[in-house]
Amino acid sequence: QVQLVESGGGSVQTGASLRLSCEASGRTFRDYGMGWFRQAPGKEREFVAADGWSGVNADLADSVRGRFRIYRDKVKSVVYLQMDSLKPDDTAVYYCAAGRHSWPSRRHDEYDYWGQGIQVTVSS
């Protein structure tokens, strides 16, 4: 069992930065691929970023590439989503997820554990 707790969300203006944190506990952090997904009101949950444990390069959605970065602190068992140059379209509830795969997966059905979600609001 893995428990995931997100933090770092909030309300910001266009162009600002936020860093989301996802602290994992319960199992060996290094054995899990980690991902971030988001869901805006009235829309389906969508992939944002993923980091596999095998060392394969992280994957980012086209809509955030060049602005967001995913990375993990293996000592603290925390995965981060650094979000720069935020836009109103980034407004959503962001979810952290963990799955027993070595590659950075875009498929939400490949993740076994999910955080409770955290709100990010970007105003123009």
Passing candidate, side-chain contact (heavy atoms from CB on, under 4.5 Å) with C96, options V5, I118, L4:
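That would be L4.
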Side-chain donor-acceptor contact under 3.5 Å, E23 with S21
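Per modelled atom types, E23 and S21 side chains form no pair under 3.5 Å.
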Which donor-acceptor pairs under 3.5 Å do side chains of residues 77-90 form with protein atoms, sequence neighbours excluded?
| residue | atom | partner | partner atom | Å |
| --- | --- | --- | --- | --- |
| Q82 | NE2 | D84 | OD1 | 2.8 |
| D84 | OD1 | S17 | OG | 2.8 |
| D90 | OD1 | R38 | NH1 | 2.9 |
| D90 | OD1 | R67 | NH2 | 3.0 |
| D90 | OD2 | R67 | NH1 | 2.8 |
| D90 | OD2 | R67 | NH2 | 3.4 |
| D90 | OD2 | K87 | N | 2.8 |

Working for ring pair (Phe, Tyr, Trp, His ring centres under 6.0 Å), residues F47 and W36:
CA-CA 7 Å; F47 167 76; W36 287 95; over 10 Å; no
Could you tell me if R69 sits above the aromatic ring of Y71, with its cationic atom closer than 6.0 Å to the ring centre and no more than 45 degrees from the axis?
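Yes, R69 lies over the aromatic ring of Y71.
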Rounded to the nearest 0.5 Å, what's the gap from CG on L18 to CZ on F68? Could you check?
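So the CG of L18 and the CZ of F68 are separated by 9.0 Å.
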Identify whether [X] and [Y] are in the same connected component of the hydrophobic contact network (ILVMFWY, side-chain heavy atoms under 4.5 Å).
{"X": "V12", "Y": "V64", "result": "yes"}
{"X": "I70", "Y": "V48", "result": "yes"}
{"X": "V122", "Y": "F37", "result": "no"}

Any side-chain to backbone donor/acceptor pair from E6 onto G117? Under 3.5 Å, distance only.
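Indeed, once roles are kept as given, a pair shorter than 3.5 Å links the two residues.
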For Y111 and R106, indicate whether the former's side chain and the latter's backbone hold a donor-acceptor pair under 3.5 Å.
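Not confirmed, Y111 side chain does not pair with R106 backbone.
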So, do Y95 and H108 have ring centers that fall under 6.0 Å from each other?
no
Please determine whether a side-chain nitrogen of the Lys or Arg among R100 and D112 lies less than 4.0 Å from a carboxylate oxygen of the Asp or Glu.
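Here R100 does not pair with D112 in a salt bridge, since their nearest N and O are not under 4.0 Å apart.
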Please check if the number of heavy atoms outside Q119 that lie under 6.0 Å from its CD is greater than 12.
yes
